[in-house]
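For the numbers below, each heavy atom of this structure counts, side chains included, while hydrogens, waters and symmetry mates do not.
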Amino acid sequence: MRDKILKSLIEHAKGKIAYHQANVEVYLENSAGIGEHSNILEAVEIELETIAKYNEQLDVLQKYFWVMTMILFFAIIMALGIWSAENTG
C-alpha cells in the first residue's frame, strides 16, 4: 500500500508539472492569442510557481521516502533469493 501511495503522489506531481509546462508553452508560442491574460509575464510566473511547487514535492519524496523504498525493494529481492548481502563485495 505504501508504494502505491508514493507512486500515486509521484505520478500526480509529474502530471501537474506537465500540465503547467504545457500552459507555459502555449503562452510562449501564442501570447497574442490569449485574451484572458493581458499580462503574459505574470501568467507565466504563476505557472512557473506551480511547477516549482510540484517539483519541490518530488524532491521531498525522493529525499525522505526513496531510501525507505529502496530498503523495501532490497528486502523483497533478498526474500525471493534474487540477491544476497554477500553480493555487495
Side-chain angles (χ1 to χ4, degrees):
M1 183 61 130
R2 178 185 195 282
D3 285 341
K4 285 184 180 183
I5 292 170
L6 288 172
K7 183 178 179 185
S8 294
L9 290 168
I10 290 167
E11 293 304 318
H12 179 260
K14 286 181 178 180
K16 288 293 189 175
I17 289 170
Y19 176 92
H20 291 283
Q21 184 179 9
N23 284 345
V24 171
E25 290 294 338
V26 169
Y27 290 135
L28 294 174
E29 297 295 325
N30 305 308
S31 59
I34 303 172
E36 65 196 48
H37 293 289
S38 59
N39 187 342
I40 299 301
L41 292 177
E42 184 177 321
V44 170
E45 284 180 341
I46 290 169
E47 295 295 332
L48 293 176
E49 288 171 3
T50 304
I51 290 170
K53 170 186 151 183
Y54 287 106
N55 191 60
E56 184 177 354
Q57 285 183 9
L58 288 175
D59 289 345
V60 168
L61 285 166
Q62 181 179 1
K63 181 176 180 180
Y64 293 102
F65 298 99
W66 181 251
V67 172
M68 294 307 295
T69 301
M70 290 306 297
I71 290 170
L72 176 61
F73 171 75
F74 282 115
I76 291 170
I77 63 171
M78 286 175 71
L80 294 172
I82 298 170
W83 183 83
S84 68
E86 292 82 34
N87 292 348
T88 60

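When the side chain to side chain donor-acceptor pair (under 3.5 Å) test is applied to Glu47, the partners found at least two apart in sequence or on another chain are His20, Asn23. Listed by chain and number, the residues in a side-chain contact (heavy atoms from CB on, under 4.5 Å) with Glu42 are Asn39, Ile46 (sequence neighbours excluded). Every side-chain contact (heavy atoms from CB on, under 4.5 Å) that Glu11 has, sequence neighbours left out, goes to Lys7, Lys14.
Follow the hydrophobic side-chain contacts under 4.5 Å out from Tyr19 and you never reach Leu9; the two are in separate clusters. Taking hydrophobic clusters as Ile, Leu, Val, Met, Phe, Trp and Tyr residues chained together by side-chain heavy-atom distances below 4.5 Å, Val24 does not share a cluster with Leu41.
Nearest heavy-atom pair across Leu58 and Ile10 is CD2-O, 3.8 Å.
A 4.5 Å side-chain heavy-atom check between Ile51 and Gln21 finds at least one atom pair inside the cut-off.
To the nearest 0.5 Å, atoms NE2 (His12) and CD (Gln57) are separated by 8.0 Å. For the atom pair CG of Leu48 and CG of Asn55, the computed distance is 11.5 Å after rounding to the nearest 0.5 Å.
Counting heavy atoms of neighbouring residues, nucleotides and ligands inside a 6.0 Å radius, atom CD of Glu56 does not exceed 12 of them.
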